[in-house]
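Just below is one structure, and these are the notes that go with it.
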Amino acid sequence: MIVVNYLAAAAVFCLGLYAVLTRRNIIKMVMGLSLMEASTYLFVVSVAYRARSTAPVLLNPQDGKTPAELAKGDVADPVLQNFCLTAIVIGVALTAVFLAVAVRVAQHYRTLDADKVRAMRG
Amino acid sequence: MTYAYLVAAVAEIAIAAVLVVRLALGPSISDRIVALNVVSTQAMLAVLLFAAYADRTVYLDVALWLASFSYLGTIVWSRYLERGLL
Amino acid sequence: MRLAFVVLLLAVGLAFSLSGAVGVLRMPDVYTRAQCATKTVTLGTLSVLVALVVGEGPVSNYGGRALIVAVLILVMSPAASHALLRAAYRTGVPMWRGSVVDEPRRMREEQESGR
Amino acid sequence: MSAFWLLDFVLLALLVASAGVVVWLRNLNGAVMALSAVGVLLTVLFVALGAPDVAHSEVVVGAIALPVLYLVAIGKARTDVTDEEDLGERGEGRRVRR
């Protein structure tokens, strides 16, 4: 059943790649890159999930419960979730850098069209 | 009772599918912001119901953040519409 | 007995949410859409939150958090909707053809004709 | 197939649909709104897959911070790009001068 998550992640990745390859607007290309990042997060968290597992946060259980009762047998893989957390933080910085480059292109060439920018470059 | 919560969460997300249509074909940006606001509210309800189903209190904070940030985002975007963000 | 109450409240909330979503999809302009989104979805949300309070008890973690979210929605939702619609009116989003009342325009025209 | 997988599948279908809307829309502001919807749906999906901490950062980053970054970039580019066709804003209700 978790295979469907992998397929959906692949579909979102392909949509982002399509946007990057075919759109002419530079900000739309950056949106495609954001979609590819989002598909990566989905894939990593789906790999971390095991069947009927719960969150790997077992500290401070509520009254009358032990950590083993909270886990109910299995927890998801915390290492991959931490990878995903780091990837989200790096991804927003990466998007900010790309958007800064796009704004500089718009200020310098007075257009956001990638083809026109290439033509003006010569 | 917990299974009823899960079914209700599925139904809330299925209602959000109607709003994604309005998000896709809304003629002006205000329509899209309205639809996005309702999608956030439905997602918050789904998180709350899923937390009650899974019997984990850790999930509840996500619902609180989602609710407060969705309305904050609406106010920010209306300010962007009215005066420009900078 | 409590299960019956919870299921009833969940069903009412889902029905109101569905009607609000259909209204957002089918209404003719942005102002009526936002009216559907604010009133109907707020009522649906509150029904579901009351169902959580009834089902889990008001002093449990879930019920308490549901009460916090309910207060937040009751305070923030009209404010956000008002700000959004004022911005939409000022940026010139058109009204539906059949709408009959446009108070700011009427007041502006009265001011201009009186001067 | 339990109801949990039903929740998972509905969320995945909405996620792919919202991503398609991001690619399909020509209007840049509308595409930003669809990107925010992708962030919100991804948050619910992370909660369902048992990763509440990742969902915390995703709701802040994907639903608020990233659209605000995009809107600032579009607003700054709008002052320089005179061709409105370029920003995909031909059918929009433009700002009323008063």
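Each chain gets a letter, A, B and so on, in the order its sequence line appears, and its residues count up from 1. Only heavy atoms go into these numbers, but all of them, side chains included; no hydrogens, no water, no symmetry mates.
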How close do [X] and [Y] get, counting heavy atoms only, and between which atoms?
X: Gly50(D); Y: Pro56(A); answer: O-CD, 3.6 Å
X: Leu28(D); Y: Met31(A); answer: O-CE, 3.8 Å
X: Ser34(A); Y: Tyr70(D); answer: OG-OH, 2.8 Å

Fill in: Main-chain N/O of Asn27(D) paired with Lys28(A) side-chain donor or acceptor, under 3.5 Å
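Not a single qualifying donor-acceptor pair exists.
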
Worksheet item: Can you find a pair of side-chain heavy atoms, one from Leu35(A) and one from Leu35(D), that are under 4.5 Å apart?
Response: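 Yes, side chains in contact.
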
Discussion item. Side chains of Val4(A) and Phe9(D), heavy atoms from C-beta outward: is any pair under 4.5 Å?
Written reply: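 Val4(A) reaches Phe9(D) side chain to side chain.
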
Item to complete: Among Val92(A), Asn5(A), Val12(A), single out the residue with the greatest number of heavy-atom pairs under 4.5 Å to chain D.
Response: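 Between Val92(A), Asn5(A), Val12(A), the count favours Asn5(A).
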
Worksheet entry | Pairs of heavy atoms under 4.5 Å with chain D: top-ranked of Val45(A), Val89(A), Thr54(A) |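 Option with the top pair count is Val45(A).
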
Worksheet item: In a check of side chain to side chain contact (heavy atoms under 4.5 Å, CB included) between Ser46(A) and each of Leu12(D), Asp8(D), Leu49(D), which one passes?
Response: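 Going through Leu12(D), Asp8(D), Leu49(D) one by one, the side chain to side chain contact (heavy atoms under 4.5 Å, CB included) with Ser46(A) is satisfied by Leu49(D) alone.
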
Fill in: Sorted by number, residues from residues 60-67 of chain D in contact with chain A (heavy atoms, under 4.5 Å)
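The residues closer than 4.5 Å to chain A, in numerical order, are Val61(D), Leu66(D).
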
Using non-hydrogen atoms and a limit below 4.5 Å, what part of [range] faces chain D?
range: residues 13-20 of chain A; value: Leu15(A), Tyr18(A), Ala19(A)
range: residues 76-86 of chain A; value: Ala76(A), Gln81(A), Cys84(A), Leu85(A)
range: residues 95-105 of chain A; value: Thr95(A), Ala96(A), Leu99(A), Val103(A)

What part of [X] lies closer than 4.5 angstrom to a heavy atom of chain D: side chain, backbone, both or neither?
X: Ser39(A); value: neither
X: Val30(A); value: both
X: Ile2(A); value: both

Discussion item. Parallel, tilted or perpendicular, judged at 30° and 60°: which one describes the rings of Tyr49(A) and Phe4(D)?
Written reply: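 It falls in the parallel class, under 30°.
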
Worksheet item: Around atom CZ of Arg52(A), are there more than 12 heavy atoms of other residues, nucleotides or ligands at under 6.0 Å?
Response: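 Incorrect, the count does not exceed 12.
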
Discussion item. For the interface with chain A, which of Gly20(D), Ser18(D), Ser57(D) has the highest count of heavy-atom pairs at distances below 4.5 Å?
Written reply: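 The answer is Ser57(D).
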
